[in-house]
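Before any comments, here is the structure.
Remember, it's 1-based here, ligands and their atoms both numbered in the order they're listed.
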Amino acid sequence: MSIAAARAAIEKNIRQVCAGSGRLAGDVKIIAVSKQQPDARIDDALASGQRLFGENRLQEAQARWKARRAAYPDLRLHMIGPLQTNKAGAAVALFDCIETVDRAALADVLVKEMKKQNRFPACFVQVNTGDESQKSGVAVDELPALLEHCRAAGLTISGLMCIPPQSDIPALHFALLKKLAERHGLKELSMGMSADYEQAAALGATYIRVGTAFFGEREG
Ligand SMILES: *Cc1c(COP(=O)(O)O)cnc(C)c1O
């Protein structure tokens with residue numbers, strides 16, 4: 001399937017899900033996760049009209065997008081992978097949204113870098129909804145304190161993001177993330193990947209992160 005056809009199919013599925021769950025299809029935005037995809041597919045995606053992309057590694061994202069940014073001023077890039085504090089400055093310079101704020105120290109460095117660069121990407125907090133020890137994201141119990149820290153530090157948080165454990169039913173995590181967002185008055189919800197984006201859309205996702213269903217299998 002061509003990338004344009006894959007994109008159209010995902011959009012169609014989202015329209016159907018939204019029609020069935022009382023949501024507006026325009027409220028569910030597709031992040032094309034371009035990590036480890038060859039250049040030709042990236043250019044096909046851009047040619048199909050896609051402008052919103054997600055990356056999980058800073059250096060790879062810089063290599064892929066720094067030059068293309070100049071050619072596509074309406075491009076939007078989301079950081080969806082773990083972020084080290086020593087790379088926060090470069091992330092602020094490149095991304096339009098950082099979805100993976102998960103600790104106070106990172107929030108502090110982001111605030112400092114944003115002021116220094118006078119550039120203010122949107123920020124989401126990643127929540128470890130499955131309480132998996134090896135996974136990044138703030139524990140559900142510690143979310144209120146982290147949000148309070150961000151507020152006090154001057155970092156605006158506009159949404160939540162999660163990656164459900166592979167072994168679990170994703171819908172449980174999507175419903176929990178939505179509840180947490182409502183409780184804290186946060187509008188954006190980044191949840192759902194290739195295998196489960198329809199469920200995520202039905203349960204309130206405002207961003208879905210689709211890699212292989214959009215581009216085909218990764219090559220990296
Ligand atoms: C790779 C990745 C995705 C996309 O995964 P697919 O299963 O290929 O859709 C989504 N979210 C994050 C955080 C990722 O790292």
Pair up each side-chain donor or acceptor in residues 98-107 with any protein partner under 3.5 Å, not counting sequence neighbours, and list the distances.
{"unit_1": "E99", "atom_1": "OE1", "unit_2": "S190", "atom_2": "OG", "d": "2.6"}
{"unit_1": "E99", "atom_1": "OE2", "unit_2": "H78", "atom_2": "ND1", "d": "2.6"}
{"unit_1": "T100", "atom_1": "OG1", "unit_2": "G81", "atom_2": "O", "d": "2.8"}
{"unit_1": "D102", "atom_1": "OD2", "unit_2": "G137", "atom_2": "N", "d": "3.2"}
{"unit_1": "R103", "atom_1": "NH1", "unit_2": "L83", "atom_2": "O", "d": "3.4"}
{"unit_1": "R103", "atom_1": "NH2", "unit_2": "L83", "atom_2": "O", "d": "2.9"}

I would like to know whether R68 and D39 meet salt bridge (Lys or Arg N to Asp or Glu O under 4.0 Å); could you show each step before the answer?
CA-CA 11 Å; R68 288 186 174 95; D39 277 347; 3.3 Å; yes
If you count only heavy atoms, which residues are under 4.0 Å from ligand 1?
V33, K35, I80, M161, I163, M193, S194, R209, V210, G211, T212, R218
Is there side-chain contact between Y72 and R69, with at least one heavy-atom pair below 4.5 Å?
no
Holding to salt bridge (Lys or Arg N to Asp or Glu O under 4.0 Å), I want the full list of residues that pass it with R183, two or more places apart in sequence or in another chain.
none
Non-neighbouring partners of F95 that pass ring pair (Phe, Tyr, Trp, His ring centres under 6.0 Å), sequence neighbours left out
none
Can you see whether Q37 engages R218 through a side-chain donor-acceptor pair at a distance of less than 3.5 angstrom?
no
